[in-house]
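Note that the structure is predicted; figures quoted are calculated from it, not measured.
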Amino acid sequence: MKRIFVSILAAALLISAGAQAGTIKGKVTCGGKPVKGVFVSDGLDIVKTGARGEYTLKSDKRQGFVFVISPSGYTVPLMDGLQPKFYAHLTEPSGVTEVHDFELVEQNQDRYTVIFATDIHIKNNPQLHDKELVRKYLIPHVREQYQKNLADGPVFMMNLGDLAHDKDWYNFDWNIEKAYNFLRDEGYPGPLYSVMGNHDNDGATTATPQHPDEDFNAEWLYRKAMGPTYYSMNIGNDHWVMLDNIRYVNTPAKSKDLNIAGKRDYTIGLTSDEMEWLKKDLATVPEGTNVRVCSHASFLFEFPAGKGTQFTSNEEMDEVYGMFTHFGTMKAYTGHTHRFQFARNERYPLVRDLMIPAVSGNVWANGENQMLGIDACDAGIIICHFRGNEVKDEYLTHVYGEKWMRTYDMNAVQKYFQTDEVSASRLSGSPEWTDYGKGDRKNMVYANIWMWRPEYTVEMYENGKKLTVEKVDESDPLLLISPITNKTFFKQQKFVVCHHLFRARARKPKSKVRIVLRDETGRIVHETVMTRPKAFSTTTE
């Protein structure tokens, strides 16, 4: 089936340099009435509907889609109970006219909610039982929050990529289309807007002289099942841009995995078509609009030191940065890193990149409940509440509900490390990780505060007396002792450091320590009391 569809896609969409432009036309209506001034795009150009709701696009159809950019105050119907019907596949060769109409639905968007899920990684792996975990934890959790928030306005679902896992498409007969169908059939609520992750590509494809664009080739099934890889829509006061910043390379190489034809490698950035479309899209946005962008890979990251971005090219990131910060701060929602971080960087001071942790932890593979992220954050979902220009976000873990941090009594942690054979073995092969069996850690308290933001202040008090708190770049102690199936992150330095780890030295071993977070105004946004002594083990909460 795959090779047949690829040949059809190649014939219809991968046009030659001399292909003739065709016409795409249609109407945009709401309740049977035309809607004027709505933008429609083929992923390259953007046109506006006329007085009768009509549009006409001259297009070479190379992106394979036409989509409507829904205006504020409108949404679109669902095509299958989950996916919004904002796009249509182009099925005729270039040069042939196609007609595609779009229907809008009026919606009060003064207040709305977005539930973000990223890196779901449904693999159909019988050892991980990932489908069972999705069915047991993720879907009921999302459905509960969806129903709860509907009372306060419309709710939108956003999937930030890696719904499937390219390495195991053929090992476990489970590709991106099957992963999507699983979510739909299990009752995941919609509308679900998605962006593409690196693992959502088909690793069995390779570039050929006839079709040298490996990134486009590998996207074939995502495009078939889930639509455009980049697009935009307006919700309330916000213009949302959904970008594909993964350029799949898949350098040819032998693989032990069934049918995989390369290294599954990629670069991070935008294609030239996407970059040109983005400029045109942002040109349609009125001044004063909040512009928000979603992508799989984060825009910011601390590794390697000094680079400031995950983009392969700083120059390309500079160009994107200039486009978005024209509207003020660049408000980004991203996945990929399997960690929780409100990222900031001096090179790009106007970027506010909310790096959302994986709902699968580290691919359903780490920790006692298989849902521990690489920064030891408990897996969960981000829920953002948009109220005009105000935004409030919350993080709800699958197992424990709302949870801001995990605390450690280092007296217990150090004793554990000094006698634990598992951590000793792992440390011997991974010297970058912190050896908590060494050093002076007497009476220290550590807090892994994944809800920490750079503008927050962390305070710790022992019997009312303020302790000296410092932020440390060390690994989280729980990860090093926990059950681990996905061991790849032990081999890469960029995964070692937890960027929201704080410590202070208490005076006594059995005193309670109060931990307080304050925002930039000095207001307390969260506090917790840690009772000591506190045990440490693989089940530490």
Side-chain angles (χ1 to χ4, degrees), residues 82-83 113-123 130-131 133-134 137-139 141-143 145-146 155-167 176 179-180 182-184 188-201 222 226-227 229-231 240-246 248 266 268 292-301 310 331-343 352-366 370-384 393-398 450-451 486 489 495 499:
L82 177 56
Q83 197 170 170
T113 299
V114 175
I115 300 178
F116 292 96
T118 186
D119 299 273
I120 301 177
H121 287 284
I122 309 176
K123 297 159 64 80
D130 51 278
K131 284 169 58 180
L133 291 170
V134 170
Y137 290 104
L138 176 62
I139 292 178
H141 191 189
V142 169
R143 286 172 62 87
Q145 292 304 315
Y146 178 86
V155 180
F156 299 86
M157 318 302 297
M158 293 191 185
N159 157 41
L160 301 186
D162 281 1
L163 175 58
H165 199 89
D166 55 348
K167 176 178 179 288
I176 182 66
Y180 171 78
F182 176 78
L183 276 192
R184 180 198 62 204
Y188 201 89
L192 176 65
Y193 289 93
S194 295
V195 296
M196 189 170 190
N198 52 295
H199 293 297
D200 294 330
N201 288 278
Y222 180 97
M226 303 180 70
T229 58
Y230 58 87
Y231 54 95
W240 289 85
V241 184
M242 313 296 280
L243 293 180
D244 172 15
N245 61 4
I246 299 295
Y248 204 63
Y266 53 89
I268 297 177
R292 305 183 187 278
V293 57
C294 294
S295 66
H296 181 60
S298 303
F299 292 92
L300 302 186
F301 203 54
Q310 286 216 95
K331 306 170 185 70
Y333 303 83
T334 60
H336 187 53
T337 59
H338 291 243
R339 65 173 69 232
F340 201 145
Q341 195 169 342
F342 294 89
R352 299 293 181 265
D353 192 341
L354 173 49
M355 296 164 57
I356 296 172
V359 300
S360 61
N362 195 22
V363 195
W364 310 107
N366 293 355
Q370 295 180 240
M371 290 183 287
L372 204 61
I374 63 172
D375 59 354
C377 171
D378 291 312
I381 55 176
I382 284 277
I383 304 176
C384 291
D393 49 65
E394 58 180 330
Y395 184 61
L396 300 178
T397 68
H398 303 319
W450 43 78
M451 288 293 286
N486 185 359
F489 70 97
F495 291 152
H499 297 286

Engineer: Using a 4.5 Å cut-off on heavy atoms from C-beta on, say whether the side chain of K123 contacts that of K167.
Structural biologist: no

Engineer: Below 30° counts as parallel, above 60° as perpendicular, anything between as tilted: where do the rings of F116 and Y333 land?
Structural biologist: parallel

Engineer: Going by heavy atoms in the side chains, are L183 and I122 under 4.5 Å from each other?
Structural biologist: yes

Engineer: Between the side chain of Y193 and the main-chain N/O of F156, is any donor-acceptor distance below 3.5 Å?
Structural biologist: no

Engineer: Quick check: closest heavy atoms across G361 and A379, and the distance to 0.1 Å?
Structural biologist: N-CB, 3.5 Å

Engineer: Could you state the interatomic distance from CD1 (I176) to CG (D162), rounded to the nearest 0.5 Å?
Structural biologist: 8.5 Å

Engineer: Please walk me through it: do L192 and Q83 pass side-chain contact (heavy atoms from CB on, under 4.5 Å)?
Structural biologist: CA-CA 5 Å; L192 176 65; Q83 197 170 170; 5.9 Å; no

Engineer: Is there side-chain contact between V114 and I383, with at least one heavy-atom pair below 4.5 Å?
Structural biologist: no

Engineer: Any donor-acceptor pair under 3.5 Å linking the side chain of D353 with the backbone of L300?
Structural biologist: yes

Engineer: Any side-chain heavy atom of F340 sitting closer than 4.5 Å to one from M451?
Structural biologist: yes

Engineer: To the nearest 0.5 Å, tell me how far L396 CG sits from Q145 CD.
Structural biologist: 5.0 Å

Engineer: Please lay out, stage by stage, how Y266 and N201 fare under the test side chain to side chain donor-acceptor pair (under 3.5 Å).
Structural biologist: CA-CA 10 Å; Y266 53 89; N201 288 278; over 6 Å; no

Engineer: Hey, does T397 have a side-chain heavy atom less than 4.5 Å from the side chain of M371?
Structural biologist: no

Engineer: For P357, is there any backbone N or O sitting under 3.5 Å from a side-chain donor or acceptor partner on D119?
Structural biologist: no

Engineer: Once side-chain contact (heavy atoms from CB on, under 4.5 Å) is applied, do any residues pair with R143, and if so which ones, sequence neighbours excluded?
Structural biologist: I139, P189

Engineer: Distance from M226 atom CE to L163 atom CG, nearest 0.5 Å?
Structural biologist: 5.5 Å

Engineer: Measuring from atom CG of L138 to atom CG of D130, what distance do you get when rounded to the nearest 0.5 angstrom?
Structural biologist: 11.5 Å

Engineer: What's the separation between atom OG in S360 and atom NE2 in H121, rounded to the nearest 0.5 Å?
Structural biologist: 5.0 Å

Engineer: May I ask you to decide if G190's main-chain N or O and Y146's side chain share a donor-acceptor pair within less than 3.5 Å?
Structural biologist: yes

Engineer: Which heavy atom of G161 sits nearest a heavy atom of N159, and at what distance?
Structural biologist: N-OD1, 3.1 Å

Engineer: Do D375 and H499 have side-chain atoms, one donor and one acceptor, less than 3.5 Å apart?
Structural biologist: no

Engineer: Between OG1 of T118 and CD1 of I381, what distance do you get to the nearest 0.5 Å?
Structural biologist: 13.0 Å

Engineer: For the pair H296 and N198, evaluate side chain to side chain donor-acceptor pair (under 3.5 Å) and give the outcome as yes or no after the intermediate values.
Structural biologist: CA-CA 8 Å; H296 181 60; N198 52 295; 3.1 Å; yes

Engineer: Should H336 and S295 count as side-chain neighbours, where that means a heavy-atom distance under 4.5 Å?
Structural biologist: no

Engineer: Measure across I374 and T337 and return the closest heavy-atom pair with its distance rounded to 0.1 Å.
Structural biologist: CD1-O, 3.1 Å

Engineer: Do V359 and H398 come close enough that some side-chain heavy atom pair is under 4.5 Å?
Structural biologist: yes

Engineer: So, do F301 and F299 have ring centers that fall under 6.0 Å from each other?
Structural biologist: no

Engineer: Under 6.0 Å between ring centres: does that hold for W364 and Y137?
Structural biologist: no

Engineer: How close do I246 and A297 get, heavy atom to heavy atom, and via which atoms?
Structural biologist: CD1-CB, 4.0 Å

Engineer: Which heavy atom in D244 sits nearest to a heavy atom in M196, and how many Å separate them?
Structural biologist: OD1-O, 4.1 Å

Engineer: Report yes if the side chains of M157 and I115 come closer than 4.5 Å at any heavy-atom pair, otherwise no.
Structural biologist: yes

Engineer: Do you know which two heavy atoms are closest between S298 and M355, and how far apart they sit?
Structural biologist: OG-CG, 3.3 Å

Engineer: Main chain of I268, side chain of N245: is a donor-acceptor contact present, judged purely on distance under 3.5 Å?
Structural biologist: no

